[in-house]
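Step one of this worksheet: look at the structure below.
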2 protein chains.
Amino acid sequence: MSMPTIIQVAAMAGVSTATVSRVLSHPDRVAEPTRLRVLEVVESLGYKPNVAARTLRTLRAAKILVTVPDISNPFFASVIRGAEEAARDAGYAVVVGDTRHDPSIEDQYAAMLSSREVDGLIFLGHRLPDNLRPLMSKQGAHAPVVNGCEYSPDIGVPSVHIDNAAAGCDALEHLIALGHRDIGVITGPHVSPISRDRLAGAMQAAERHGLADRLRIHVGDYSAQSAADHVPDLIAQGVTGLFCFSDEMAMGAISAIRQAGRICPDDISVVGFDDLPLARFFQPGLTTIAQPKGHIGQQAVELLVDILRGDDSPVSQITLPHELVIRSSTKRLG
Amino acid sequence: MSMPTIIQVAAMAGVSTATVSRVLSHPDRVAEPTRLRVLEVVESLGYKPNVAARTLRTLRAAKILVTVPDISNPFFASVIRGAEEAARDAGYAVVVGDTRHDPSIEDQYAAMLSSREVDGLIFLGHRLPDNLRPLMSKQGAHAPVVNGCEYSPDIGVPSVHIDNAAAGCDALEHLIALGHRDIGVITGPHVSPISRDRLAGAMQAAERHGLADRLRIHVGDYSAQSAADHVPDLIAQGVTGLFCFSDEMAMGAISAIRQAGRICPDDISVVGFDDLPLARFFQPGLTTIAQPKGHIGQQAVELLVDILRGDDSPVSQITLPHELVIRSSTKRLG
DNA sequence: AAAGCCGATGTAAAGGATTACATTACTCGA
DNA sequence: TCGAGTAATGTAATCCTTTACATCGGCTTT
């Protein structure tokens, strides 16, 4: 029932607990025969150091918390994978938290930092949890907190992201280059800075071609359903091109377009965002903005680890490249 | 820099550490004025109990580990959500681990149990991590380990799952009822018991209709790409109905069917499995077997919590109902 | 052969919270 | 008024590891 402790191991091996500890964490400081004897006992008892005791003593949990607003979105899964790999290399484990866009759950997870359950936090949402405010104002850029994907200049947290304005611009330029003039946009919620940035980029591109006032802007919430709901309006507005701020919304929109008796891309071209793994298997293959998902996670961890190591980190904003991937959901007009 | 401890709080409030501790965990055992005074100090210092110390003392981490073979699969996201809700109700937090189907990563996560970082483990794969063997043979059904989705009778772990054989049977009966006689199946890897069960069910249905030897069986790995790779062969074999053991594979297959110049469901009907959130937005809407994803997670947690509470748990296998959801990827033959 | 060094190991003090048990100061009943 | 009972709080042991410092032979050096 009760698991063996270092004391029992020490007793059985006829050494002190210090030696057992050394065998496990600094093997080279123990004489060969002693080490082998201890290891044998460790093995036979199935001894595993109690992590709580170790953390308490070393003041290091060797864990990084990554919170995502929606774990069911495969986009975040790729970011998490990148983070996990980088974390492993740096000697950290990753704990994943799904906040479901709920501020109170975000706060709950952020509390793991205050209670020292984790050494650092990477949050992929746009909102700095309330209970981190004191920490940020006290420690500033030395606080072990990094923001990924999103970027809110006002919260003063180092972050890793793409140039969302440029990406929004690229998407619109693509539709315009295909001859589309009546273009719809389904954004994310207004509170999301990345949504604002993408929209700003899109509007800038539209303006450049004198199409600013023909842009039909609808507010979604990144979910397929939310996009589908806007499609009847968009069709009534006569759009021939549509830019959705997530692939899920693009899929929802395409589904609704068909439901309305139209066809994508023949009647309406659709551009998505994220390049989910399924984007290329969707019907039609999704034209979309690819984000370097794995890299975002990886860089976020590296930034965080630098902070944890106490390097004064001059780098606090990292912008990674995006890419327009053209498949078959967009087509020349006419 | 260094965070406040209970000792500092006690000193500032002019009480003992015991009182501070009681204020935080048994408020009713402390006199009102004292409690308020302590709370004030706690607030002003931003004190948060050190979780490592608490865990060490109470021998309870208040955490449950849920490992999934592939975090980018939205199916598991739903299971995790269900688990999180049930865990929260029972006073536990959920830690999510992505094993990527890698046994060594599975072992790594399982080690969190041995080192008492978590109180219990729910694993959604099919393989009992090696380093849990001793635990299982020592504690048997009292070990805080539960298996979800999959079910391997031989490993002796309580589990929560659907009746995969019956589900496989349902899927095939549906295709047969639509007039299909040349039916293909894309399974999961053979090591996966759920794949074996689904296949057994499918074959049973085929046999019942004298179609056993016309079944074309291909082995996939649940990924869209793996299914797409088999489609040319299936077409060459002249199948008109296809049963894929995951929605991702169904989507991959449908995409490849189109690539090959055929149309689903006109030329080939496809049945998926899982009913992912995107299944209804796919083109065509996916006919699929819906699993009660949230319930699986929830029941798994409840089972685990029972074990942790020390109730002798007579229940060790829970079978939940599945459902055939008919959309537009299947159609009457001819 | 004395002094100094070194490698191997032991001793014991943290680390921060919880809680059984002890103490204190009242209140109440007889 | 005394003893019992009770509510509020304090004391100190405990959870298990890690690690600075102490100790102890034995070896080298002069």
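Each chain gets a letter, A, B and so on, in the order its sequence line appears, and its residues count up from 1. All figures in this text were calculated on a predicted structure; none of them were measured in a lab.
Using a 4.0 Å heavy-atom distance criterion, A:T34 is classed as a sugar-phosphate-only contact. In this structure, A:S21 reaches the bases: a heavy-atom distance under 4.0 Å links it to at least one base atom across the strands shown. Contact annotation for A:V20: no contact, since no heavy-atom pair falls under 4.0 Å across all strands. Across all strands shown, B:A18 has heavy atoms under 4.0 Å from base atoms, whether or not it also approaches the sugar-phosphate. If you check every strand for non-hydrogen atoms under 4.0 Å, B:V51 touches nothing.
In this structure, A:T17 does not reach the D:dC16 phosphate: none of its side-chain N or O atoms is under 4.0 Å from OP1 or OP2. Between C:dT18 and B:H26, no contact under 4.0 Å exists linking OP1 or OP2 to a side-chain N or O. Between A:S16 and C:dG10 there is a side-chain N or O to OP1 or OP2 distance below 4.0 Å.
Between the side chain of B:D119 and the backbone N or O of B:A62 there is at least one donor-acceptor pair closer than 3.5 Å.
A donor and an acceptor atom sit less than 3.5 Å apart, one in the side chain of A:R22 and one in the base of C:dG10. Taking 3.5 Å as the limit, the base of D:dT18 and the side chain of A:R57 contain a donor-acceptor pair of atoms between them.
In the set C:dA17, D:dG10, C:dG15, the nucleotide with an atom closest to the side chain of B:I6 is C:dA17. When the nucleotides C:dG15, D:dT18, C:dA17 are ranked by their closest atom to the side chain of B:N50, C:dA17 comes out on top.
Atom CD of A:Q299 sits about 10.5 Å away from atom OG1 of A:T319, to the nearest 0.5 Å.
Between B:R127 and B:E150 there is no salt bridge, since no side-chain nitrogen of the basic residue lies less than 4.0 Å from a carboxylate oxygen of the acidic one. The pair A:R81-A:E84 does not meet the salt-bridge criterion, since no charged nitrogen lies less than 4.0 angstrom from a carboxylate oxygen.
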